[in-house]
Student: 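Have a look at this one before I ask anything.
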Amino acid sequence: MENLSLIRSFREKFYSLVSQIPEGRVSTYGELARSLGSNRAARAVGKMLNENPRPEVVPCHRVVKSDGTLGGYDRGKEEKKKLLEKEGVSVEDEEIVNFEEVLFTDFQSDKPLETLREEQMELKEKVSFGDDEGDFATIAGVDVSYSEQRAYPAISLWDRKKKEEKEAYVTKVEVDFPYIPTFLAFRELPPLLDVLSEAETKPDVVMVDGNGVMHPHEMGLASHLGLETKIPTVGVAKSKLCGKIMEDVDKQNRVSEVRKDGSLIGHAVLEGERAKNPIYVSPGHKVSHENAVDLVREFCQYKVPDPIRRAHIKATKRRKKDE
DNA sequence: GCGACAG
DNA sequence: ATCTTGTCGC
């Protein structure tokens, strides 16, 4: 991974941004997200502030909502108000007085998310799909379960002909990078590479819990993993990140194209007896749209294909056992 | 109030 | 993804 050190220092970088807000001023979740490099990170900003390890040093009470209202605080809004007023910021009815005047936006930042986005834009040129035969013999499914900073990635390897699990592994890895929509790979790739290295058999294709090219920049987690490992990958998401479903999916019509800006980015697939909503299938790397859909459907006894489902169960069990 | 963006 | 009692439907 090209920007591994940036990923590892992301959280600390964020806390030092928060520390730039001077006494007597406030800033917003959105402003901090933009200073990180993407307004998509606003909720992650809230999450990281909530997990602030040093409240005495990092002034998270100076971060409020973009409409000027207080926003949340671990020790209560009253406490947040008290801290702000002690610093000379007036608060009335959970709202900052003279919000425009005290709002701080002048962050000094190298915008790490812009760097990560650039990595995605460079990588997307290398994604290939359409040149495979679909003749994969060993299929893997991967997933990650979390407990705060700990990730439990799991892999389940299957014999395609016998339709049975051959091997399965779970590992434990520390993660620091938060979940930010469209940046999932930077959170999940390190744990997945770790558990993938455990497998005795190298899989011919990996099904990933997340998107492939069904992504605003055609560079989802599955594609990133495929490029990183040179192994063919298929993305399988349980909800839609982007694109337009072209037709309704139901028991009569189980597959629909998903398009973005007119071009095909994946398919919505409804399988499994009790499934109410479809899953979203897209090529990660070195797999065609058609073979991606066929492979996933072949393993869809339930809504989610068995190898991913097994990996999910394994990872979750291990996490709960550890707690 | 609506819309809502993988895990 | 995780936090989690109760409720609904097959």
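Below, chain A is the first sequence line, B the second, and so on; all start at residue 1. Only this structure's heavy atoms are used, side chains among them; waters, hydrogens and symmetry mates stay out.
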Student: To the nearest Å, give me how far apart CZ (A:R43) and C1' (B:dA4) are.
Tutor: 7 Å
Student: Between A:S147 and C:dT2, is there a side-chain N or O to OP1/OP2 distance below 4.0 Å?
Tutor: no
Student: Counting any heavy atom closer than 4.0 Å, what does A:N211 reach on the DNA or RNA strands: base, sugar-phosphate only, or nothing?
Tutor: base
Student: For A:Y146 and C:dA1, do the ring centres fall under 5.5 Å apart while the planes stay under 30° apart?
Tutor: no
Student: Before you tell me yes or no, could you show the steps for A:K166 and A:T138 under side chain to side chain donor-acceptor pair (under 3.5 Å), namely the whole-Å CA-CA distance, both residues' side-chain angles and the distance that decides it to 0.1 Å?
Tutor: CA-CA 9 Å; A:K166 301 197 296 185; A:T138 301; 3.2 Å; yes
Student: Roughly, in whole Å, what's the span from NZ in A:K320 to C1' in C:dA1?
Tutor: 12 Å
Student: Will you find, in the side chains of A:S263 and A:D261, an N or O donor that is under 3.5 Å from an N or O acceptor?
Tutor: no
Student: Can you check the A:R318 CZ to C:dT2 C1' distance for me, whole Å?
Tutor: 18 Å
Student: What integer distance in Å separates A:L221:CG from B:dC5:C1'?
Tutor: 16 Å
Student: Do the side-chain N or O atoms of A:S239 get closer than 4.0 angstrom to the phosphate oxygens (OP1, OP2) of B:dC5?
Tutor: no
Student: Within the pair A:K238 and B:dG7, is there a side-chain N or O less than 4.0 Å away from OP1 or OP2?
Tutor: yes
Student: Can you tell me how far C1' of B:dA4 sits from CZ of A:R40, to the nearest Å?
Tutor: 11 Å
Student: Take the protein atom OH of A:Y29 and the nucleotide atom P of B:dC5, then report the distance between them rounded to whole Å.
Tutor: 23 Å
Student: Is the distance from OP1 or OP2 of B:dG7 to the nearest side-chain N or O of A:H312 less than 4.0 Å?
Tutor: no
Student: Would you tell me if any nitrogen or oxygen in the side chain of A:R319 comes within less than 4.0 Å of OP1 or OP2 on C:dT2?
Tutor: yes
Student: Whole Å only: how far is the CE atom of A:M219 from the P atom of B:dC5?
Tutor: 21 Å
Student: Between A:H285 and A:F129, is the ring centroid distance below 6.0 Å?
Tutor: no
Student: Using the rule side chain to side chain donor-acceptor pair (under 3.5 Å), only one of A:E165, A:R310, A:K314, A:E167 pairs with A:S156; which is it?
Tutor: A:E165
Student: Roughly how many Å is it from CZ in A:F186 to P in B:dA6, rounded to a whole number?
Tutor: 16 Å
Student: Quick one: label A:Y152 by what it contacts on the DNA or RNA (base, sugar-phosphate, nothing), any heavy atom closer than 4.0 Å.
Tutor: nothing
Student: Students often mix this up, so state it plainly: with edges at 30° and 60°, are the rings of A:F104 and A:F107 parallel, tilted or perpendicular?
Tutor: perpendicular
